[in-house]
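Chain letters run A, B, ... following the sequence lines, proteins first, then strands; residues in each count from 1. Excluded from the calculations below are hydrogen atoms, water molecules and symmetry mates; all remaining heavy atoms, backbone and side chain alike, are included. These figures come from a predicted structure and were not determined experimentally.
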2 protein chains.
Amino acid sequence: MSAATTEMATTAGETYSPRQNAVLESALALLVEGGERALTTAGVARAANCSKESLYKWFGDRDGLLAAMITFQSSQVRAEPQSSGAVGRAALRAQLIGIGANLLRVLAGDMSLALNRLAIGQARRDEAKLGRLLREHGRKPIETRLSALLEAGRAAGLIAFDDTREAYRTLYGLVVRDMHVRLLLGDGLDDQSPAARAEQAIDQFLRLYGAERTTGLSPEGRHGTGPAPERAGAGNERTG
Amino acid sequence: MSAATTEMATTAGETYSPRQNAVLESALALLVEGGERALTTAGVARAANCSKESLYKWFGDRDGLLAAMITFQSSQVRAEPQSSGAVGRAALRAQLIGIGANLLRVLAGDMSLALNRLAIGQARRDEAKLGRLLREHGRKPIETRLSALLEAGRAAGLIAFDDTREAYRTLYGLVVRDMHVRLLLGDGLDDQSPAARAEQAIDQFLRLYGAERTTGLSPEGRHGTGPAPERAGAGNERTG
DNA sequence: AATGCAGCGTACCGTACGGTACGGTTCCTT
DNA sequence: AAGGAACCGTACCGTACGGTACGCTGCATT
C-alpha cells in the first residue's frame, strides 16, 4: 500500500488508482460484515482512513460508490486459464463438474452474497442499476465460459442440443437449484459438498443432453415443446 | 371499514383485526410500488389513514410491521384445493406442470418479488429474521404440496427416487433455474410462457425420474453419489 | 526554497426517519 | 347522559445520514 502511489493504474474505463482500490476493499469488507446499513459514507471513510470529501470526488455520490464496488470486485476476479484440453467424454464431464462446483462455491461466498443482497435490496420494479451491473459483470462471464464448453462438447459429438442458452440454463438450474435464493434469505448451506453436488447435477445434465449412447428415448422426447394441455393452475398464491 | 369493528378476527397466533389487515395491505402496496425505502412509518400511516401511534401499538416497531406484512400476505394465500384425483401417467404430468407453472407465476409476481427483495435486503451474514419468515411461510407450503404429489407418483409406480427432498429440489431447479434471482436483480421476464416452461421442465424431470419404461440407463446411473474425482477448481472467482 | 496539488480529518448543514406525546373525535358501553 | 376506549392527525424530539466546506499536512515538481 505504500510502494508505488504514483503509478496511474491503466485507466481503462472503470479502473481506479491503487488508493481507490484500497478504499473499495475497505468498503467491501464493511459490506460483508454489516450489510448495506453499515455502508455509510462516514463509515467507509473511517474504515479506509480517507476523507469523505475524497469519496465524493472519486465516486460522485453513494450510488457511485456502490457501483464502483461491484465493478471493482468483478475486476478482481479473473477466470481460471480455461484448460482447453482435448475433449473426451470423461474430460468434458470433469470440466463441467469443476466449473459447477466452482460456481457453487462462488455463489455461497460471503462476498457474492453481500453484493447480491445489496443489489437486490436496491432493485425496484422498474429501476435496478446495481442489479444490471451485477448481472453483467457477475453472471455473463460464467455463462460465456460454460456455453463455450458446452458447444465444444457438442462439436465433439458428446452432447446434443439446439439452443445453447437453453442448455446452459438447464445446467445452471440442475447445479444451483434454489440454493442461491435460500442463502440470500439467510438459510444455511447444504450439508452436501459443492463437488458432490456438482457431480450429481452434471450426471443428470448428461443424462438429459448426452449423445454418447442412444438411450431408449422416444424420438420426440428430446426437446419437446409442443402445445401443452395447459391445465391453467387454479389457485392464486402470491408469496413465493 | 365501518361495518364491524368489534369482531375480533379469530386471534390465532398471527392474525390481525380487519383494520390492521387494511393497514397491512396499504403497506404492501406501498412496498410493491416503491421498495423498502418507501416503507416509512409516516408513509404507511398516511397511505392507510391511520396514526403512527396506532402502528406502534399494533406492530411494536418498524421490524414488527415488516414481519406482520409477510405473515399477513402469506395468510392471504391459500393453496388450491389440491385436486387429488387418481394419479395416472398423464395426470401426474399435468398436475406437475400445473404446479410448476403456478410456481413460476407466483415467483414472478410483483408482490413476491417485493417481499423477497425486502427480506434479502435486510438479511445479514448471521441475522435474517425476515428471511426465515419468508422461507417458512412462502416456500415450505409449496414444497410440502409438491413433495406429496411426488410421493403419490412414486406410490403409483410412475416415478422413482430415494430422497423426496432431493427429487423436489431437482424439480424446482429444472422449473425455476436462475429466473428467480434474475428477476430479483431487475431483469425482465423470459419470453417463454410459464406453462410452456413448466411443461419442458417437467418432461425433463420425468426423463430423469420416470419409471414407466426402463430406459437404457446404466444400472448405477440413477442416483449415483459415489466418491468423486474431486478436481479442485483452480480459480478464485467471488462475484456470482 | 517556494509553490502547488492531493488528500486527511473534522466540523457543519439540511433533511428525513423512527419513535413518542398530546389533543380532539367517534363510537361503544352502562 | 356520562364515561371510557380506540384511534386519528399532528406536532415534537433525537439521531443518523448524505453531502459540502475548510484548514492542515505531506509530497512532488521546478
Side-chain angles (χ1 to χ4, degrees), chain A residues 1-9 11 15-27 30-31 33-69 72 118 121-122 124 127 129-130, chain B residues 1-9 11 15-27 30-31 33-70 118 121-122 124 127 129-130:
Chain A
M1 215 170 300
S2 60
T5 38
T6 44
E7 67 183 53
M8 246 333 174
T11 318
T15 309
Y16 303 98
S17 79
R19 182 73 186 100
Q20 291 165 13
N21 287 353
V23 170
L24 291 174
E25 278 195 65
S26 296
L30 225 51
L31 174 68
E33 197 52 37
E36 197 224 311
R37 299 186 42 185
L39 266 190
T40 70
T41 53
V44 172
R46 196 180 329 119
N49 284 332
C50 77
S51 69
K52 290 173 65 174
E53 193 169 23
S54 299
L55 287 182
Y56 286 101
K57 173 187 287 189
W58 293 333
F59 308 110
D61 57 0
R62 186 172 184 270
D63 285 345
L65 174 64
L66 302 186
M69 289 168 62
F72 167 72
L118 175 66
Q122 300 279 346
R124 315 249 168 294
E127 173 85 0
K129 192 168 173 299
L130 291 184
Chain B
M1 213 170 303
S2 59
T5 39
T6 45
E7 67 181 54
M8 246 333 174
T11 318
T15 309
Y16 302 98
S17 78
R19 181 75 186 100
Q20 291 165 13
N21 287 353
V23 170
L24 290 175
E25 276 194 67
S26 296
L30 225 52
L31 173 69
E33 196 52 38
E36 196 222 313
R37 298 187 43 186
L39 265 190
T40 70
T41 54
V44 172
R46 196 179 327 118
N49 284 331
C50 77
S51 69
K52 289 173 65 174
E53 194 171 22
S54 299
L55 286 183
Y56 285 101
K57 172 188 288 189
W58 293 333
F59 308 110
D61 57 2
R62 186 173 183 269
D63 285 345
L65 174 64
L66 302 187
M69 289 168 62
I70 291 181
L118 175 65
Q122 299 278 345
R124 314 250 168 290
E127 174 83 0
K129 191 168 173 299
L130 290 185

Within-4.5 Å side-chain heavy-atom neighbours: A:T15 and A:F72: no
Could you give the [atom1]-to-[atom2] distance, from [X] to [N], as a whole number of Å?
X	N	atom1	atom2	result
B:L66	C:dG19	CG	C1'	15 Å
A:E36	D:dG18	CD	C1'	13 Å
B:L65	C:dG19	CG	P	10 Å

Any B:R46 side-chain N or O less than 4.0 Å from OP1/OP2 of D:dC8: no
Sub-4.0 Å heavy-atom contacts from residues 50-62 of chain A onto DNA chain D, ordered by number: A:K52, A:E53, A:Y56, A:D61, A:R62
Test side-chain contact (heavy atoms from CB on, under 4.5 Å) applied to A:R62 - qualifying residues, sequence neighbours left out: A:E36, A:L39, A:L66, A:Q122
Inter- and intrachain pairs under side-chain hydrogen bond (donor to acceptor under 3.5 Å, both in side chains), touching residues 42-53 of chain B, at least two apart: B:S51-B:S54
Residues which pass salt bridge (Lys or Arg N to Asp or Glu O under 4.0 Å) with A:E127, listed by chain and number, not counting sequence neighbours: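 Counting only residues at least two positions away or on another chain, A:E127 forms no salt bridge (Lys or Arg N to Asp or Glu O under 4.0 Å).
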By ring-ring contact (aromatic ring centres under 6.0 Å, His included) - contacts of B:Y56 (at least two apart): none
side-chain hydrogen bond (donor to acceptor under 3.5 Å, both in side chains) involving B:E33 - partner list, sequence neighbours excluded: A:R125
